[in-house]
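Below, all heavy atoms of this structure are taken into account, side chains as well, without hydrogens, waters or symmetry copies.
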Amino acid sequence: MNYDNILPLKGDSKQSPANSNSPLNMDVEKVFHMTGGIGKTSYAQNSAFQKKASDMVKHITMETIQELYYEVTPKSLGIADLGCSSGPHSLSLIKDMVEAVEGTSHKIFHPMPEFRIYLNDLPTNDFNSVFKSLPDFYKDLKKDRNQEGPAIFIAGYPGSFYGRLFPCNCLHFIYSSYSLHWLSKVPPALYDEHGKSINKGNVYISESSPPSVSQTYYKQFQEDFSLFLKSRSEELVTGGRMVLILLGRIGQDHVDRGNSFFWEILSRSLAISVSQAEIEKEKVDSYEVHFYAASRNELEDEVRREGSFEIDKLEMFEIEREVKNGESYGTAVAMTVRAVQESMLSDRFGDGIDLDTLFNNYGKMIDEEMVEVDIKPITFVIVLKKL
């Protein structure tokens, strides 16, 4: 999950060391990451929703890379996974891509290409857990191939995807799942000249937010997504493809019973922690998430405005609810949100915050709300072709 290619952000920070805990000083690239390792609260153990989304549109991903290969048939195929994170899903999807291209190459009687695989995420990502899986990955690929697997070269590329990452025209296919709804930073305009949030008591856009809050988030999304598209257009060959999976919203209203509602529940959970004197109200009032759920129209508008890509597909879907080991839906959501937000919460609130209690409350509230009215977060998959 990726952000701001740094230069403007680092130059921005003008607070004195005495005010180093100001939210305006937070460099997302240095702090934000999915919880690493393979423990109970890790992203690897709590990313079933993301895996489900990827699987639901896997046919689109595979059809797109096969179509690309059929058109271009390069000797060396460059593939990037932007926001690869630390879970087991990235390499399993790369394996599927390799096999899809292999099938196409056999059909058209063309030699298999070599594969250049670039795994990208922020520098704080747990790349080691991905690299430790590589021996098994290579071993699986050689099965049923007489120990002669395709030539695959895999590298980690730490850095923000909001800016250039790769040399010009070196990529053919870009994949990004559940990363582009994260912004490069918390929009600075959410804070007044004294560093106080204009969105007190909310971590995201809510019913009680001033109208300027949604506009501020939208402007940050426009700036970031446009920079993302411009950067990728320089790195992809003409005709190259991108498959992007990201959270979004259905209509014009930013506040709904979808993705924004999960942030509303986090606001309520933090308020309970304040009432129990675990954390300071002032810190909660200035805590905002660097997230934006775009609408279909907003995505289409930015692609048209930037001008480097055409939209091949743009589909919306809901993830079917599945829970494991008899746990409630609320608990599953709470563990997922914790794996995603723990780094930011710990940085902001330090050791004072009891994350176990916070997310226990979070899970209970989700379950209570589900009894009243369903919560339906939606996801977009967008396929773009470089012009």
Side-chain angles (χ1 to χ4, degrees), residues 44 47 50-121 125 127-158 161 165-167 169-179 232 235-237 239-245 312-313 381 383-386:
S47 50
Q50 293 90 328
K51 175 68 163 59
K52 182 71 174 175
S54 177
D55 286 348
M56 287 177 70
V57 297
K58 188 160 74 171
H59 64 287
I60 293 175
T61 304
M62 298 309 140
E63 286 167 8
T64 303
I65 195 167
Q66 286 176 314
E67 185 179 275
L68 161 80
Y69 178 70
Y70 181 78
E71 289 177 10
V72 182
T73 57
K75 289 183 178 180
S76 181
L77 185 64
I79 299 172
D81 181 352
L82 305 184
C84 65
S85 194
S86 56
H89 311 318
S90 182
L91 289 179
S92 66
L93 193 75
I94 294 298
K95 181 173 179 285
D96 292 337
M97 291 180 189
V98 169
E99 290 174 347
V101 171
E102 184 177 35
T104 302
S105 72
H106 288 162
K107 283 180 183 176
I108 63 175
F109 302 102
H110 197 277
M112 269 278 278
E114 66 177 21
F115 294 85
R116 292 172 286 111
I117 311 295
Y118 306 100
L119 302 178
N120 159 260
D121 213 312
N125 182 56
F127 281 101
N128 281 340
S129 68
V130 180
F131 296 151
K132 285 175 183 176
S133 303
L134 284 176
D136 287 338
F137 169 79
Y138 289 123
K139 186 178 178 182
D140 285 346
L141 273 177
K142 288 179 180 178
K143 280 182 184 176
D144 304 320
R145 291 183 174 90
N146 299 318
Q147 299 303 306
E148 300 250 346
I152 301 180
F153 306 93
I154 298 179
Y157 260 69
F161 57 43
L165 284 166
F166 309 103
N169 301 316
C170 72
L171 297 175
H172 298 88
F173 185 79
I174 290 174
Y175 176 83
S176 181
S177 181
Y178 276 64
S179 296
R232 302 295 80 78
E235 298 161 352
L236 276 167
V237 300
R241 305 291 205 282
M242 292 201 290
V243 174
L244 312 175
I245 303 168
D312 270 0
K313 273 190 187 71
V381 58
V383 179
L384 299 176
K385 181 178 181 179
K386 163 89 179 286

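Taking 4.5 Å as the limit, every side-chain heavy atom of N125 sits out of range of all side-chain heavy atoms of P158. V130 is not listed as a side-chain neighbour of F137, based on a closest heavy-atom distance of 4.5 Å or more. Looking only at side-chain heavy atoms (C-beta outward), S85 and Y178 stay at 4.5 Å or farther from each other.
Residues meeting the side-chain contact (heavy atoms from CB on, under 4.5 Å) test with V383, sequence neighbours left out: I60, T64, V243, D312, K313. By the salt bridge (charged side-chain N to carboxylate O under 4.0 Å, His left out) test, K95 is found to be paired with E99, residues two or more places apart in sequence or in another chain being considered. Applying the side-chain hydrogen bond (donor to acceptor under 3.5 Å, both in side chains) rule to T61 yields no partners; only residues at least two apart in sequence or on another chain are considered. The salt bridge (charged side-chain N to carboxylate O under 4.0 Å, His left out) test applied to K386 returns no partner, not counting sequence neighbours. Applying the side-chain contact (heavy atoms from CB on, under 4.5 Å) test to K132 and every residue at least two apart in sequence or in another chain returns nothing. Applying the ring-ring contact (aromatic ring centres under 6.0 Å, His included) test to F115 and every residue at least two apart in sequence or in another chain returns nothing. With sequence neighbours left out, the ring-ring contact (aromatic ring centres under 6.0 Å, His included) criterion links Y118 to Y157, F166. Every residue two or more places apart in sequence or in another chain that forms a side-chain hydrogen bond (donor to acceptor under 3.5 Å, both in side chains) with R241 is listed here: E67, E71. Listed by chain and number, the residues in a salt bridge (charged side-chain N to carboxylate O under 4.0 Å, His left out) with E102 are R145 (sequence neighbours excluded). For K58, the side-chain hydrogen bond (donor to acceptor under 3.5 Å, both in side chains) partners at least two apart in sequence or on another chain are D96. Residues satisfying the side-chain hydrogen bond (donor to acceptor under 3.5 Å, both in side chains) test with D136, not counting sequence neighbours, are none.
Distance check: S47 OG to K52 NZ gives 14.0 Å after rounding to the nearest 0.5 Å. A distance of 10.5 Å separates NZ in K107 from OG in S105, rounded to the nearest 0.5 Å. In this structure, D121 CG and S179 OG are separated by 6.5 Å, a value rounded to the nearest 0.5 Å.
A100 and I65 get closest at one heavy-atom pair: CB-CG2, 4.3 Å. Contact record, L236 with F173: CD2-N, 3.9 Å, taken as the closest heavy-atom pair. Looking at every heavy atom in both residues, V98 comes nearest to P150 through CG1-CG, 3.7 Å. Annotation for Y69 and P113: closest pair OH-CD, 3.5 Å, computed over non-hydrogen atoms.
Atom OH of Y70 sits in a sparse spot, with 12 or fewer heavy atoms from other residues, nucleotides or ligands closer than 6.0 Å.
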### Message
side chain to side chain contact (heavy atoms under 4.5 Å, CB included), that's the test. Do R232 and F161 meet it? Break it down for me.
### Response
CA-CA 9 Å; R232 302 295 80 78; F161 57 43; 3.7 Å; yes
### Task
Starting from the C-alpha separation in whole Å, work towards a yes-or-no answer on side chain to side chain contact (heavy atoms under 4.5 Å, CB included) for L119 and L91.
CA-CA 9 Å; L119 302 178; L91 289 179; 4.3 Å; yes
Distance-only donor-acceptor pairs under 3.5 Å for side chains of residues 73-84, two or more places apart:
from, atom 1, to, atom 2, distance (Å)
S76, OG, E114, OE2, 2.9
S76, OG, R116, NE, 2.7
D81, OD2, S90, OG, 2.8

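Within the 3.5 Å criterion, the main-chain N or O of S177 finds no donor-acceptor partner in the side chain of Q50.
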